[in-house]
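Worksheet for the structure shown next.
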Amino acid sequence: MALLADSLKRIKPSATIAVTDKARALKAAGRNVIGLGAGEPDFDTPANIKLAAIKAIERGETKYTNIDGIAELKAAIAHKFKRENKLDYKASQITVGTGGKQVIYNALMATINPGDEVIIPAPYWVSYPDMVLLAGGEPVAVPTSMTAGFKMTPQALERAITDKTKWLILNSPSNPTGSAYTRKELKALTDVLVEYPHVWVLTDDIYEHLVYDDFIFTTAAEIEPRLYERTLTLNGVSKAYCMTGWRIGYAGGPEPLIKAIAVIQSQSTSNPSAISQWASVEALDGPQDFIAQHNKIFKERRDLCVSMLNQARGIECPKPEGAFYVFPSCAGTIGKTAPSGNPLESDDDFVTELLDAEGVAVVQGSAFGAGPAFRISYATRTEDLAEACERIQRFCGNLK
Ligand SMILES: Cc1ncc(COP(=O)(O)O)c(C=O)c1O
């Protein structure tokens, strides 16, 4: 009898983690590699947040907690939703998990029956389709175009909805494109959703705070109160608070869904780390000014990438509204030959040859359901970023 479950055949490991691991291995072997694959800020967790964790340890907050979050953290989250999103969520409508990733996974596991469809605009975060598949559902990718800013149109959304649609997953600002819906663009989508009461909305707002050029972030339940009863508003502390390793994500939503998520959590991981929960109370309730300081640096890096990549032969790089990614097209390089003599037939080839020739690790667009393109995470030291962009220019210039 085969050891592994059939459900595993439906999914693959995360491509972004694979690239990061490969870059790390090359570095360990002595190669000069610049890794632009990882989706995490290079900034350290702010000192006040670390201190809150240390104090929590010293107070002995080291035991099991409520399955889906301590009351203090739920209060801080409720306050955050009210303050920043004008959304009212009671403690019983809030869940805390081991990263936003776990909350999404639990929500899909709690709601998907075999054959249920989940609409996912592409390019998408690598984990959405695989999580849907693992839950027994069918991911329905809706392609978007670079010329339309990688945004799904209301017409495309309406065309994708069927009787079997369970969820729409919206991620704005987006991983991997950095693209973010304006209020008007989001309203056009929520207007469609209002007409289809059987469709639930999962808004992944994890990059909410990372927006530039006076862009104003909005979320579905805020824009359209009629969707409140079927929206899961997801967020977390990983990106804005530089807390990827602390593993805290959270969501607000209707009570029956929040309860179901807690049941799954209770039979799998139990509560997220008690210490990280106390650190997250400080993150959400404490000073927020470092976010603007980080954003100033992120914006400079975004502009640097966009400008330098657009000077690379065969590359076209749009300027996104947020997150810390750019998603340039490498269509102009396909069909050419790499310095190794290998042909570039796809964006997979592009990223492999780029890593071999110049030691720059990026992630192929095909991993995000779109291409030929690649994703750069600019949450990395500015000097390294400039050096990496120079190497990409040289690589593209050397293609025959
Ligand atoms: C779009 C998106 N959603 C959710 C997550 C999950 O983050 P975490 O589990 O660290 O909260 C990530 C992390 O890369 C992401 O890019």
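One-based numbering, in listed order, for ligands and for the atoms of each.
To the nearest 0.5 Å, atoms OG1 (Thr219) and CG (Leu186) are separated by 7.0 Å.
Ion pair Asp68/Lys259 not flagged as a salt bridge, since none of the NZ, NE, NH1 or NH2 atoms sits closer than 4.0 Å to an Asp/Glu carboxylate oxygen. Between Lys50 and Asp44, at least one side-chain nitrogen of the basic residue sits less than 4.0 Å from a carboxylate oxygen of the acidic one, meeting the salt-bridge criterion. With respect to Glu353 and Lys336, no salt bridge is recorded, no charged nitrogen being found less than 4.0 Å from a carboxylate O.
Near ligand 1, residues Gly99, Gly100, Lys101, Trp125, Tyr128, Asn171, Asn175, Asp204, Ile206, Tyr207, Ser238, Lys239, Arg247 each place a heavy atom inside the 4.0 Å sphere around the ligand atoms.
For the pair Tyr181 (side chain) and Met152 (backbone), a donor-acceptor distance under 3.5 Å is present.
Between Phe217 and Tyr207, the ring center distance fails the sub-6.0 Å criterion.
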